[in-house]
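These numbers were taken from a predicted model, which means no experiment stands behind them.
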Amino acid sequence: MERIRAWMKEHKITEVECLIPDFTGNARGKILPADKFLKERGMRLPESIFVQTVTGDWPDDDDMIDPIEKDMVLVPDPNTLRFVPWAGEPTGQVIHDCYDTADNPVDISPRAVLRKVLGLYQDKGWTPVVAPEVEFFLVKTNEDWDYPLEPPIGRNGRPETARQSFSIDAVNEFDPIFEEMYDFCDAQGLEVDTLVHEQGAAQMEINFLHGDALELADQVFLFKRTMREAALRHKVYATFMAKPMEEEPGSSMHIHQSLVDQAGNNIFSTEQGEMSELFLNYIGGMQKYSRNAMAFFAPNVNSYRRLQFGDSAPTSVAWGVDNRTVGLRVPESPANARRVENRFGGADANPYLAIAASLACGYLGMIEQLNPTDPLTTSAYDQPFALNRTLEDSLIALEECQPLAEILGERFVKAFVAVKRKEYETYSKVISSWEREYLLLNV
């Protein structure tokens, strides 16, 4: 706490945002005056906050939570201390870890789930290295959710109407937004790297520098807040929905991952520079368990529109070298940078849980010494669709997978399934405009 106290004094911080990521990946917590924050001996929030759905409801099955709705003790992680650069007064933000009153980690906290998986790697002397790539759309503000989203107006006074993959000029149409976004990221120490225009109208992708898995999950969590804020200041929405518009491709969160040993060597490569046995086992684990883990890569009902109907989305668990049609891509790279890219995840995925699940699948592959299929050298889109088609399918597959439950935590998996099943049931009650247009008078 002394480190935090010194930083806040140096920067004359008057207010603190105390953050925890929920299942959806949104920021929950409290905003406190700086003096009160420093006097607190463990801020508290109810544990039940993790089983609140995205609609503000609660699951029908909540027996994984203590019925008295007991409090968690929130402990600030000083490594996450940052400015809130868009605040009017000097404001700090810090991500907290959640503990019970006996100092045990709250096992349904997304950050604790990722820490648990990283602990398994640490026990083996391995350290995961990850690099997320996050796509998103800029859209016109949409105050009436009955109306479809539309691309925003750029500097030239017109919206995009054609696909502008990798167009520099198309990115420059929104320079004021991105300049502010980069300023905000610099102020927070977010190591964002490349910004590119993706296929969709006003669809962008931001790449993060590779590094520690927990740190990168924190950065993606904070970046989403940052990008939304920068866009709102210019009266535009930034959305991380997996498939926000019918005729546009979906938005992904690809996760590049490799492993290094205690000497810093990439264990995915042999001394001769070839693919190691552990690397092939890792891919084999991702092939075997990714369908069971799909609810973490595609956690919302909208996620499956991207997978089933989106451009450039994977359709199977095939893998290949430098093949962008597969779900598990191995980029061409030097031996010391050998990695696998998990392409299943949508931009709507919780970064802590998506990274944890991806690493868990690979870990199981190495422990079970699983062999992958032969690498695919043709287009995976020529093969039948072989992934889960709905969120309910993914939840059933997760419930049936004991190895993943043991790694991620049985109480966590039960709570996550209950929350997401409630969201799926709530969605299923909605009568869509398509049904009113085509069924009202025709059936």
Side-chain angles (χ1 to χ4, degrees), residues 130-135 163-166 196-200 203 205 207 242-243 247-258 266 268-270 272-294 297-298 303-335 337-347 349 354 357-358 361-362 364-366 368-390 393-394 397:
V130 305
E133 300 172 345
V134 183
E135 296 174 348
R163 296 195 173 182
Q164 303 283 350
S165 297
F166 298 102
V196 298
H197 196 294
E198 271 294 340
Q199 292 184 50
Q203 185 187 30
E205 177 184 89
N207 297 339
K243 179 74 170 172
E247 303 303 324
E248 300 294 342
S251 291
S252 65
M253 181 176 67
H254 296 161
I255 304 170
H256 292 252
Q257 51 216 290
S258 59
N266 188 336
F268 282 171
S269 295
T270 65
Q272 293 73 35
E274 304 298 324
M275 294 182 187
S276 69
E277 192 67 27
L278 280 175
F279 183 50
L280 295 174
N281 294 156
Y282 193 97
I283 293 174
M286 295 192 73
Q287 284 191 307
K288 177 177 178 179
Y289 289 106
S290 284
R291 291 189 191 90
N292 300 103
M294 195 61 68
F297 307 139
S303 307
Y304 296 84
R305 299 187 189 278
R306 165 185 166 260
L307 291 174
Q308 289 194 71
F309 309 114
D311 298 341
S312 302
T315 57
S316 70
V317 296
W319 76 284
V321 177
D322 202 25
N323 185 341
R324 282 186 166 81
T325 68
V326 298
L328 301 167
R329 172 177 171 257
V330 177
E332 289 281 5
S333 65
R338 179 165 280 119
R339 60 197 185 275
V340 60
E341 176 190 16
N342 178 343
R343 297 172 65 85
F344 298 123
S358 196
C361 292
L364 285 169
M366 293 185 294
E368 297 176 14
Q369 298 182 329
L370 300 176
N371 293 317
T373 61
D374 291 335
L376 193 66
T377 57
T378 59
S379 174
Y381 299 141
D382 295 334
Q383 300 182 343
F385 187 86
L387 300 178
N388 308 332
R389 291 188 176 274
T390 67
D393 290 342
S394 291

Any side-chain donor near an acceptor of the partner, Ser358 and Asn342, under 3.5 Å = yes
Sorted by chain and residue number, the side chain to side chain donor-acceptor pair (under 3.5 Å) partners of Ser269 (sequence neighbours excluded) come out as Arg338
What pair of heavy atoms forms the shortest contact from Gln287 to Arg291, and how long is it?
-> O-NH1, 4.2 Å
Using the test ring-ring contact (aromatic ring centres under 6.0 Å, His included), find all partners of Tyr282 that sit at least two apart in sequence or belong to another chain.
-> Phe268
For residues Phe279 and Val340, determine if any side-chain heavy atom of one lies less than 4.5 Å from a side-chain heavy atom of the other.
-> yes
With sequence neighbours excluded, what pairs up with Glu341 under the salt bridge (Lys or Arg N to Asp or Glu O under 4.0 Å) test?
-> Arg329, Arg343
Scanning both residues in full, the closest heavy-atom pair of Gly250 with Arg306 reads CA-CG, 4.1 Å
Closest non-hydrogen atom pair between Gly320 and Val326, with its separation = N-CG2, 3.7 Å
Just jot down the side chain to side chain contact (heavy atoms under 4.5 Å, CB included) partners of Glu247, sequence neighbours excluded, or say none.
-> none
Nearest 0.5 Å please: distance from the CG atom of Asn266 over to the CG atom of Leu278.
-> 10.5 Å
Listed by chain and number, what are the side chain to side chain contact (heavy atoms under 4.5 Å, CB included) partners of Pro334, not counting sequence neighbours?
-> Asn336, Ala337
Atom CD1 in Ile255, atom CZ in Phe344: separation rounded to 0.5 Å?
-> 11.0 Å
Measure the shortest side-chain to side-chain distance between Pro331 and Arg339 over non-hydrogen atoms and say whether it is less than 4.5 angstrom.
-> yes
Taking the side chain as every heavy atom from C-beta outward, state whether Val317 and Leu387 have any atom pair closer than 4.5 Å.
-> yes
Residue set satisfying side chain to side chain contact (heavy atoms under 4.5 Å, CB included) with Ser251, at least two apart, ordered chain then number -> Glu135, Phe137, Gln203, Ala347
Nearest heavy-atom approach of Phe297 to Ala354 is CE2-O, 3.4 Å
Starting at CD of Glu332, measure out to CG of Asn323 and round the result to the nearest 0.5 Å.
-> 11.0 Å
Would you find a donor on one side and an acceptor on the other, under 3.5 Å apart, between the side chain of Asn207 and the backbone of Glu133?
-> no
At what distance, to the nearest 0.5 angstrom, does CG of Leu280 lie from CD of Glu274?
-> 10.5 Å
Euclidean distance, Leu364 CG relative to Asn281 CG, rounded to 0.5 Å = 11.5 Å
Euclidean distance, Ser333 OG relative to Asp322 CG, rounded to 0.5 Å = 9.5 Å
List in chain and number order the residues that pass side chain to side chain contact (heavy atoms under 4.5 Å, CB included) with Pro375, two or more places apart in sequence or in another chain; answer none if no residue qualifies.
-> Trp319
Taken in chain and number order and not counting sequence neighbours, the residues that satisfy side chain to side chain donor-acceptor pair (under 3.5 Å) with Ser303 are Asp348
What are the two closest heavy atoms between Ala397 and Asn292, and how far apart are they?
-> O-ND2, 2.9 Å
Residues that Asn371 engages under side chain to side chain donor-acceptor pair (under 3.5 Å), provided they are two or more places apart = none
If you look only at pairs with a residue in residues 374-388, which of them pass as a side chain to side chain donor-acceptor pair (under 3.5 Å), with sequence neighbours excluded?
-> Asn388-Ser394
How would you list all residue pairs meeting salt bridge (Lys or Arg N to Asp or Glu O under 4.0 Å) that involve residues 277-289, not counting sequence neighbours?
-> Lys288-Glu368
Closest contact, heavy atoms only, Ala335 versus Gly273 = CB-CA, 3.7 Å
Indicate yes or no: at least one non-hydrogen side-chain atom of Glu198 is less than 4.5 angstrom from one of Pro249.
-> no
Under the side chain to side chain donor-acceptor pair (under 3.5 Å) test, residues paired with Arg389 that sit two or more places apart = Gln308
